[in-house]
Amino acid sequence: MGQFILPAPKTPSVAIYNSAARFAVRRIFCVGRNYAEHAREMGHDADREPPFFFSKPADAVIGDGATLPFPMQTENLHHEAELVVAIGVGGVEIPAKSALDHIWGYATGNDLTRRDMQAAAKDMRRPWDMAKGFDHSAPCGALHPVADIGHLMRGRITAHVDGELRQTGDIADMIWPVADVIGHLSHLVTLAAGDLIYTGTPAGVGQIKRGQSCTVAITGLSSVTTTFSRQQ
Ligand code: MN
């Protein structure tokens with residue numbers, strides 16, 4: 001194999017709780033509308049239509065405590081508090097009954113969204129990529145290994161902006177539990193070690209303004225705080 005003409009890009013990665021090691025990120029997948037109350041607040045029925053997915057670039061991931069430039073081209077940046085699943089063992093067409101065996105760990109995440117751009121994309125039947133997959137759009141807290149904490153089946157999930165409670169729910173209320181999410185997604189693409197899955201957000205999504213700070217927390221996991229500067 002020849003040498004790369006330019007230096008190879010850095011491998012994006014996520015911190016691991018209580019460890020100096022890091023989890024290398026391969027791809028970032030996100031589930032749309034996985035909590036009934038959030039589906040309703042976005043103007044949709046909360047029926048059990050099959051889950052749908054979108055992606056963010058792997059290098060959109062950013063750890064806890066980051067101070068970021070305010071995202072470009074938006075006046076309506078939204079937080080979405082989400083449970084993040086980290087895949088440790090890949091596979092394709094994974095049955096839901098064995099899907100949990102593919103998980104390496106769990107983290108809190110924030111599926112940052114340029115909501116104004118997403119609304120325009122929906123109106124014009126255009127893709128969501130630029131509304132969802134912008135720079136630093138995937139804050140992710142430290143990963144907690146399944147080997148230490150087991151599988152997370154329930155737990156309070158919250159988002160606070162400048163200390164004010166904005167979102168609250170329980171991960172037990174997902175329309176499609178994590179095992180089903182992995183089952184469906186692995187029938188669309190081959191999953192591999194290093195994949196992150198953002199599993200959807202409960203009701204209460206809302207705006208983060210310039211200069212504000214957003215914290216996502218889930219019982220039993222490290223929280224993730226992201227601060228936005230006043231400038232782009
Ligand atoms: Mn989301």
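As the structure lists them, so they are numbered: ligands from 1, and atoms in each ligand from 1. Keep in mind that the numbers below use all heavy atoms, side chains included, and drop hydrogens, waters and symmetry copies.
- The atom of D111 nearest to the Mn ion (ligand 1) is OD2, with the search restricted to N, O or S atoms.
- Remark: the R22 side chain and the S13 side chain contain an N/O donor-acceptor pair separated by less than 3.5 Å.
- When distances from the Mn ion (ligand 1) to the N, O or S atoms of E80 are compared, OE1 comes out shortest.
- Relative orientation of the F52 and W128 rings is perpendicular, given thresholds of 30° and 60° on the angle between their planes.
- Under the side chain to side chain donor-acceptor pair (under 3.5 Å) rule, T201 has a single partner from E80, Q167, H78, which is Q167.
- Interatomic distance, CE of M117 versus CD of E75, reported as 10.0 Å (0.5 Å rounding).
- Nearest N/O/S atom of E82 relative to the Mn ion (ligand 1): this is OE2.
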